[in-house]
Amino acid sequence: MVTAADFESKTEIKWCPGCGNFGILAAMKDALAKLGLSPEKVLVISGIGQAAKTPEFMQCNMFHALHGRALPLATAAKIANHNLKILVNTGDGDCYGEGGNHFMHAVRRNIDLTVLAHNNMVYGLTKGQASPTSERGTITRVHQHGVIMEPFNPLAVALSLKAGFVARGFSGRMEHLSSIIQQALQYNGFSLIDVLQPCVSFNHVNTHRWYSERVYELEKENYSPADYMQAMVKAQEWGNRIPIGIVYKQDKPSFTDQVFALKDGPLVDRTYSPEPLRELLKEL
Amino acid sequence: MVTAADFESKTEIKWCPGCGNFGILAAMKDALAKLGLSPEKVLVISGIGQAAKTPEFMQCNMFHALHGRALPLATAAKIANHNLKILVNTGDGDCYGEGGNHFMHAVRRNIDLTVLAHNNMVYGLTKGQASPTSERGTITRVHQHGVIMEPFNPLAVALSLKAGFVARGFSGRMEHLSSIIQQALQYNGFSLIDVLQPCVSFNHVNTHRWYSERVYELEKENYSPADYMQAMVKAQEWGNRIPIGIVYKQDKPSFTDQVFALKDGPLVDRTYSPEPLRELLKEL
Amino acid sequence: MNIDITVKIGGEAGQGIQTVGQILALACQKSGLYVFAINDFESRIRGGHSFFQIRISDKQVRAPHHQVNMLICLDRRTLALHRSEVVADGIIMMAAQDAGAEQGVLTIPVFALADKAGGSITANTVAAGSCLALLGAPLELFLAIIEKQFAGKSTETIAQNSAAARLGYEAVAGMKCSAAFNWPGQNPRGILMEGSQSVAFGALAGDLRFAAFYPMSPATSILTHLTAVADTFPLVVEQAEDEIAAANMIIGSSFAGVRSMTATSGGGFCLMVEALGLAGMTETPIVIVNAQRPGPATGLPTRTGQGDLQFVISASQDEFPRFVFAPGSPEEAFSITARALNLAEKYQVPAIILVDQFLLDSLYIIEKEFAVPDRIERYFADNDSAMDGPAYKRYTVTATGVSPRRLPCRGSALVAANGNEHSEDGHTTEEIAERNKMVQKRLAKVPHMLQEMEPPHPYCGDAHLLLVGWGSTAGTIQEAVDLLRAEGIDCGALHFSDLWPFPVEVAKKMLEKASRFYVVENNATGQLAQLIRQELLRAPDGLLLKYDGRPFYPVEIANKIKELAR
Amino acid sequence: MNIDITVKIGGEAGQGIQTVGQILALACQKSGLYVFAINDFESRIRGGHSFFQIRISDKQVRAPHHQVNMLICLDRRTLALHRSEVVADGIIMMAAQDAGAEQGVLTIPVFALADKAGGSITANTVAAGSCLALLGAPLELFLAIIEKQFAGKSTETIAQNSAAARLGYEAVAGMKCSAAFNWPGQNPRGILMEGSQSVAFGALAGDLRFAAFYPMSPATSILTHLTAVADTFPLVVEQAEDEIAAANMIIGSSFAGVRSMTATSGGGFCLMVEALGLAGMTETPIVIVNAQRPGPATGLPTRTGQGDLQFVISASQDEFPRFVFAPGSPEEAFSITARALNLAEKYQVPAIILVDQFLLDSLYIIEKEFAVPDRIERYFADNDSAMDGPAYKRYTVTATGVSPRRLPCRGSALVAANGNEHSEDGHTTEEIAERNKMVQKRLAKVPHMLQEMEPPHPYCGDAHLLLVGWGSTAGTIQEAVDLLRAEGIDCGALHFSDLWPFPVEVAKKMLEKASRFYVVENNATGQLAQLIRQELLRAPDGLLLKYDGRPFYPVEIANKIKELAR
Ligand SMILES: Cc1ncc(C[n+]2csc(CCOP(=O)(O)OP(=O)(O)O)c2C)c(N)n1
Ligand SMILES: Cc1ncc(C[n+]2csc(CCOP(=O)(O)OP(=O)(O)O)c2C)c(N)n1
Ligand code: SF4
Ligand code: SF4
Ligand SMILES: [Mg+2]
Ligand SMILES: [Mg+2]
């Protein structure tokens with residue numbers, strides 16, 4: 001039986017003590033173990049940032065790639081071998097800032113990946129600049145008069161692009177988060193989990209306590225994630241009450257289900273043959 | 001008095017005869033003239049594509065820039081001189097494909113620009129590949145089995161990012177489009193006009209006739225563009241009836257209204273003085 | 001050469017001059033002749049001016065000729081623009097609504113004849129008919145080609161075009177024409193192919209399984225050729241949201257185990273530069289085809305150039321080994337593309353192939369059969385049980401710098417790739433010793449990669465005076481050498497297809513013999529010349545540069561050399 | 001030098017070793033001493049290992065010393081890692097919970113004392129106190145600095161830190177220390193400045209009005225220095241969504257008429273390469289600061305390197321003139337940044353400034369007053385009425401290649417900028433003649449730009465043996481020369497700050513005198529050496545390369561030269 005401990009890495013964890021990332025890491029391991037996925041069956045792909053260090057602190061296959069570019073890399077890894085179970089760890093800057101275009105088009109592609117966007121509303125690794133999700137008025141060393149851009153709403157944007165699995169988790173609710181991750185991993189298509197994550201070093205507003213006082217689990221309310229416009233309304237809720245859980249879920253064929261060339265099995269497994277090309281050249 | 005003819009250029013127009021771009025060009029000139037904006041008071045910035053050739057075929061200030069990058073360039077031109085009246089001509093590929101990330105963040109920034117996204121649902125200039133707005137199943141030389149990505153819904157995405165002015169026009173309704181452009185130019189903030197535009201060379205489905213049979217003007221219905229969630233519902237409407245007009249409008253301070261350094265006038269007009277730096281160096 | 005005829009067909013975009021040209025080319029090929037054709041067009045879909053210029057010969061030709069024997073004008077502009085290129089006894093044919101009279105111009109009522117044949121859409125066929133008749137081609141050959149060309153279309157279409165062909169043919173029946181020649185016979189000559197096809201087929205011969213791209217001229221055609229045949233291969237061609245995505249995608253697919261490639265042009269390559277470095281750092285094999293066109297920026301999007309050599313050699317921050325190739329012919333484009341996919345995988349490095357609009361959009365006769373390998377060596381370590389489980393380290397230091405490669409989720413080995421500096425196990429490190437080890441490991445590949453580089457190709461390489469070039473200009477330079485030698489000048493050429501790592505030793509030796517050498521490039525600063533200066537500490541005796549977006553003509557080079565070498 | 005003391009303070013990220021170092025540096029500067037300090041840290045916010053290494057002298061110093069006179073350990077790891085660097089009679093101070101006993105280590109109960117002073121947060125101040133006491137600094141000086149350092153904080157904080165300072169100071173009262181020296185007096189020495197500040201201030205001296213950036217180490221600090229003072233200038237600093245946006249933004253703002261700049265590191269620069277070409281093609285002045293760090297890809301994000309020289313010289317497709325500078329000191333960083341903004345505007349070209357983590361994150365004493373210009377020349381043609389209305393053509397061909405520049409919507413002239421090839425009026429063209437004219441016009445600037453280039457800076461430039469370097473290594477190489485000359489070796493240095501267009505003639509002349517030269521670079525392949533080979537057709541006698549992400553020590557260079565030159 002696979003246990004969370006199987007994903008334990010010998011690498012020193014380089015996050016600040018108290019960082020919300022620990023909760024996310026624990027939830028991931030827990031979810032993988034609960035689904036019986038052992039380390040050699042899992043590929044974790046990440047960009048650059050504190051969030052993106054996650055696979056370094058796990059025992060599994062990994063690709064620690066470029067800032068903002070985890071999604072296209074993961075997309076094509078999946079196309080090359082659609083049997084792969086791929087998780088993507090990314091940050092709010094990585095996913096919605098530098099990687100914003102890939103985010104949009106990965107949603108449109110409905111490629112079967114599970115994306116954990118560690119959303120601490122700040123650029124952690126580069127020491128506290130505003131991120132796309134920073135709230136208006138956030139003061140940083142660069143935004144001395146406060147952020148004046150509208151915050152990016154990951155759930156609403158994903159929904160507007162017709163994502164089939166849109167969820168929000170909170171790093172402080174490990175079991176709830178693990179349950180979302182499990183469902184996302186079982187979902188056949190693009191699954192976004194935006195994870196609220198305190199950054200103890202640079203976000204002194206949206207703290208563990210701040211979230212704890214506000215989050216509520218959708219599963220405990222009478223909420224059905226099947227209604228698109230209702231999900232859109234739910235995605236707007238932010239303030240004294242912040243919903244966590246699966247906001248929207250709809251089944252549809254994933255990208256690799258629909259690619260013609262993949263009907264005979266993963267690309268990586270197909271055998272090379274010189275015949276088709278020789279034929280083709282003959283016909284010219 | 002300014003007339004549309006003042007924007008007439010001697011340059012040969014390089015679009016295909018019958019292209020929807022002609023209607024958009026006419027509507028732009030008409031709108032500018034109606035607002036009394038003469039060529040030397042207008043700056044048109046574009047990316048690369050058929051749509052992006054628009055400023056070449058007008059008499060005015062212009063910057064024909066890179067594929068996908070008109071928005072950041074225009075954003076900072078506006079910051080440097082916030083008295084500029086800037087229009088951006090861009091295509092569905094330029095704006096939502098290559099330039100997708102800039103589109104999202106320009107909306108968030110609420111920078112005072114009027115964006116005309118010539119949406120022909122295809123990459124025209126590069127000869128007919130699918131664009132982000134191409135419908136599922138669209139067959140191209142690259143998508144021989146049809147497009148399998150969810151089409152990009154510009155209105156819904158802009159709304160999800162809290163755009164304050166979201167509209168749709170149709171190149172075949174010149175006066176209606178001109179009226180939208182005029183309102184957009186008068187709006188203080190980011191205004192998106194997604195313009196339905198037939199491409200006679202590469203889009204044989206969404207033709208002039210196809211659109212003409214489907215579009216209806218919101219202004220003629222009892223529609224109020226003030227309600228956000230209603231706008232979101234309207235943005236989803238596509239099929240036998242396609243709404244054109246202003247889908248959502250909400251006033252709010254634009255980006256340059258809120259930038260501290262701009263309170264004393266446009267950056268470009270401020271005079272250089274060595275004093276502040278000398279002071280500063282003395283204080284070290 | 002007994003036959004050396006150049007036909008230029010000009011008109012507006014959308015008039016279908018390519019179709020006329022294609023028919024002409026096919027007719028020649030089927031009849032045992034050689035052809036070489038260039039495509040010249042603006043960045044627009046309708047209108048403007050474009051031309052197709054085909055050279056017909058009984059010998060292999062690989063360069064355009066500067067003089068036109070027959071000019072076919074589908075519009076008046078063509079006449080104005082190109083009349084001066086026509087040789088003294090050449091023929092000018094004008095397609096017009098009515099047969100009007102103009103001094104020295106043969107006016108054919110192509111459009112009226114087309115209407116008669118069944119529709120204005122057949123005007124091309126009419127024009128092709130007149131053209132072939134004037135050239136003295138047999139009507140049956142022409143009709144057979146029409147049938148082949150329109151195979152799959154409705155019988156009505158075929159009938160209309162056959163009629164159009166006849167009408168065009170008959171319109172000039174009996175006319176004498178200086179460009180006419182004896183059509184050899186019925187043994188088809190090799191195969192007719194666009195340069196871009198040779199890249200696409202080469203990729204398939206290199207077992208390409210995944211290609212990601214974002215449309216950009218002149219690279220797109222490589223991808224459309226791939227998609228056209230994709231269904232018979234284990235191949236996915238994905239249109240990405242932008243070039244950044246395309247480049248990162250092929251890293252992902254390659255990591256997961258399939259050979260992967262992208263193709264773009266300079267502007268798109270710019271956007272791939274960061275991913276190029278990621279491939280370098282993570283030692284993930286990828287192939288990038290950079291189809292050059294004149295810049296900077298958007299430049300002249302549908303024209304040709306060789307302005308990106310220095311750029312691709314040093315693109316991306318810091319240092320890592322890469323291959324840079326530049327095929328000089330479709331045959332080389334085929335073999336180099338296959339080789340690049342293989343070598344990238346063998347050395348776990350990125351490989352860049354520089355082509356250009358001239359190479360890709362030209363039409364060639366290929367005689368040599370393309371070599372399709374029986375099997376593909378994959379250089380994986382997945383059958384090595386010593387590499388199973390925790391023992392496996394993705395970046396194991398070896399003498400050659402190449403580490404045993406495993407694929408993720410295929411066996412018990414955990415595979416860690418990392419764009420941060422890493423230790424052998426793939427995890428991020430900041431240690432000095434580890435850093436040094438990894439830099440040295442990566443660079444250790446260079447001498448081995450160098451072994452793989454082909455020397456520059458000599459042509460009369462023992463000559464006194466050498467023309468040195470790279471990439472697509474090979475055929476043109478070779479013909480310039482022929483011209484010069486015909487005038488008694490002891491001249492040869494040295495042509496680079498394998499550019500980086502630069503084959504220093506062999507290049508030095510081959511250049512040593514020449515007392516003078518001139519570098520010929522389609523750019524404005526002489527980038528190969530700079531490279532030669534840097535690598536061989538030798539300065540060329542002169543540069544022969546052209547940067548107007550158009551390919552060289554052999555005579556241009558020959559004349560300039562005579563001037564320079566005087 | 002009578003005083004040459006190196007103090008190293010090591011500990012975990014988040015322990016505030018920079019604060020201790022800063023206090024130390026301030027104390028020295030206030031007291032009339034020179035200091036030079038490097039900052040060494042990992043890519044993490046808490047934990048791990050980092051150090052601040054400060055060199056104190058009575059002469060100007062611009063290089064780190066490889067030996068440590070006093071090691072201050074805020075954790076045990078520091079002791080383990082750096083003990084070996086301490087000179088024989090050096091002192092090691094360990095901050096510990098309790099004053100324990102370890103062979104040769106002076107343990108100070110820093111944390112207990114901090115608690116006593118009012119809170120663990122004052123532990124740094126305690127440590128600084130002990131350190132200054134051991135170095136023999138007067139307590140009053142120290143207390144005055146504490147007050148300055150905490151100015152603006154609550155009186156409680158000031159009181160607590162003063163108490164902590166005293167406790168730390170008294171904890172070692174009376175102890176003898178080999179590192180102690182005579183503290184000169186109270187005349188402050190110049191100003192204390194981070195390298196990144198000198199770039200920021202230089203930009204302001206160049207009338208920077210708009211900066212766009214995306215955070216990236218080690219460039220970010222330039223931008224935060226700018227924002228810190230932005231309110232007193234007509235200056236907007238905008239955080240962009242990515243580097244592509246940042247680069248295109250500064251083209252837009254520059255086009256609209258304000259001097260504009262961005263700063264990034266290699267990975268971000270990759271993403272700006274396409275926009276760099278747009279600036280080149282549209283002749284829009286921009287300045288890009290590329291703050292180098294080791295790569296490829298993410299590499300070692302908080303370390304130093306010089307791996308991007310060749311990359312930035314040839315970045316972007318096709319060819320266009322650009323300036324490339326690499327300051328060797330904060331004084332040069334100031335003047336070059338101002339100059340780059342000016343020259344970019346004068347020639348309407350992009351300018352790139354190469355700095356690195358070593359230059360930006362080090363602490364310097366600046367004595368010479370920075371020159372702030374009284375006025376800024378803008379090179380606009382807006383007062384020329386001949387350029388009004390339709391007569392105006394953005395890309396008018398001139399002898400220098402520089403066209404009269406107007407701003408959009410300021411007067412009756414219509415301004416058309418274009419990234420496609422264009423005619424003089426800025427509209428897209430495909431004509432051969434126009435294309436040639438524009439390529440030639442752009443390149444015509446090069447000889448004029450070359451006139452602006454400063455020659456490499458000689459230091460004992462007449463020597464037999466020359467060390468050749470570029471950028472941030474200037475101070476270190478100079479000290480290496482001193483070391484070698486002190487041993488009687490006839491040695492000097494030639495240091496490049498102005499790299500492209502390459503000052504061929506003057507460089508050739510200055511290098512001619514030397515019978516041997518060695519190139520010193522913080523990279524693994526010797527990129528300046530390649531450039532010298534290419535431009536001067538001369539090969540260096542040897543390369544002295546370091547690529548582990550850490551700066552050179554003078555002695556490292558000196559020793560290696562002795563080895564090479566033997
Ligand atoms: C191309 C590029 N630009 C910038 C950076 C610098 N950088 C590293 S992480 C990061 C932001 C991280 O923010 P986020 O994704 O929110 O992750 P967090 O650290 O907050 O978890 C940035 C800007 C980079 N590595 N590459
Ligand atoms: C970086 C880059 N990639 C690709 C291209 C090639 N390109 C030119 S226009 C275009 C697409 C245009 O599509 P769209 O924006 O929808 O404009 P349209 O032509 O349909 O009006 C592309 C891919 C380019 N110029 N630059
Ligand atoms: S900086 Fe913030 S996000 Fe990064 S490790 Fe520390 S607490 Fe976590
Ligand atoms: S290709 Fe389409 S979009 Fe382009 S000009 Fe022609 S009709 Fe218009
Ligand atoms: Mg974050
Ligand atoms: Mg389009």
Side-chain angles (χ1 to χ4, degrees), chain C residues 42-43 48 244 265-267 269-271 273-274 276-278 280-282 292-303 305 307-308 310-311 313-320 419-421 428 430 432 435-436 439-440 443 523-525 527 530-531 533-535 537-539 547-550, chain D residues 42-43 48 244 265-267 269-271 273-274 276-278 280-282 292-303 305 307-308 310-311 313-320 419-421 428 430 432 435-436 439-440 443 523-525 527 530-531 533-535 537-539 547-550:
Chain C
E42 295 177 28
S43 180
I244 302 178
S265 186
F269 187 86
C270 287
L271 295 165
V273 164
E274 193 193 10
L276 179 70
L278 180 68
M281 185 58 143
T282 59
Q292 299 165 103
R293 66 190 214 190
T298 311
L300 293 168
T302 59
R303 311 273 166 202
D308 301 356
Q310 291 275 22
F311 175 30
I313 287 177
S314 56
S316 210
Q317 73 269 28
D318 216 336
E319 300 155 334
F320 54 92
N420 291 57
E421 193 55 279
T428 297
E430 308 227 16
I432 292 176
R435 162 73 179 172
N436 284 337
V439 172
Q440 287 153 11
L443 294 181
N523 61 45
T525 67
Q527 299 190 25
Q530 287 162 16
L531 203 57
R533 293 173 63 100
Q534 173 184 307
E535 297 295 321
L537 293 174
R538 245 192 102 174
Y547 43 80
D548 62 6
R550 276 71 173 182
Chain D
E42 295 176 29
S43 180
I244 301 177
S265 187
F269 187 86
C270 288
L271 295 166
V273 164
E274 194 194 9
L276 178 71
L278 181 67
M281 185 58 146
T282 59
Q292 296 164 106
R293 66 189 214 191
T298 310
L300 293 168
T302 59
R303 311 275 166 200
D308 300 356
Q310 292 275 23
F311 175 30
I313 287 177
S314 56
S316 212
Q317 73 269 30
D318 216 336
E319 300 156 333
F320 54 90
N420 290 57
E421 193 55 279
T428 297
E430 307 227 18
I432 291 177
R435 162 71 180 176
N436 283 336
V439 171
Q440 286 154 12
L443 294 181
N523 60 44
T525 67
Q527 300 191 23
Q530 286 162 15
L531 204 57
R533 293 172 63 100
Q534 173 184 307
E535 297 294 322
L537 293 174
R538 244 192 102 174
Y547 43 80
D548 63 5
R550 277 70 173 182

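Protein chains get the first letters and strands the later ones, always in sequence-line order, with residue 1 at the start of each.
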Could you tell me whether the side chain of [Y] reaches within less than 4.5 Å of the side chain of [X], counting heavy atoms only?
X: D/Arg538; Y: C/Leu537; result: no
X: C/Leu278; Y: D/Pro296; result: no
X: C/Pro294; Y: D/Arg435; result: yes
X: C/Glu430; Y: D/Ser43; result: yes

Given the options [options], which has more heavy-atom pairs under 4.5 Å with chain D than any of the others?
options: C/Gln440, C/Arg550, C/Gln527; answer: C/Arg550
options: C/Ile432, C/Thr282, C/Val273; answer: C/Ile432
options: C/Gly277, C/Ser316, C/Gly307; answer: C/Ser316
options: C/Ala539, C/Gly267, C/Gly280; answer: C/Gly267

Max heavy-atom pair count under 4.5 Å with chain C, selected residue of [options]:
options: D/Ile313, D/Leu443, D/Asn436; answer: D/Asn436
options: D/Gly266, D/Pro301, D/Gly48, D/Gly549; answer: D/Gly266
options: D/Leu531, D/Leu276, D/Leu300; answer: D/Leu300
options: D/Gln292, D/Arg293, D/Glu421, D/Met281; answer: D/Met281

When the 4.5 angstrom heavy-atom criterion is applied to C/Glu535 and chain D, the contacting part is backbone
Honestly, the part of C/Arg303 sitting under 4.5 Å from a heavy atom of chain D is side chain
Minimal heavy-atom distance between D/Ala297 and C/Gln317, with the atoms involved, is O-NE2, 3.0 Å
Honestly, the part of D/Arg533 sitting under 4.5 Å from a heavy atom of chain C is both
Honestly, the part of D/Ile244 sitting under 4.5 Å from a heavy atom of chain C is side chain
Hits for ring pair (Phe, Tyr, Trp, His ring centres under 6.0 Å) against C/Phe311, two or more places apart or cross-chain, chain-then-number order -> C/Phe269
Ignoring hydrogens and angles, tell me if any N or O in the side chain of [X] forms a donor-acceptor pair with the backbone of [Y] under 3.5 Å.
X: D/Glu274; Y: C/Leu271; answer: no
X: D/Gln310; Y: C/Ser314; answer: no
X: D/Asp308; Y: C/Asp318; answer: yes

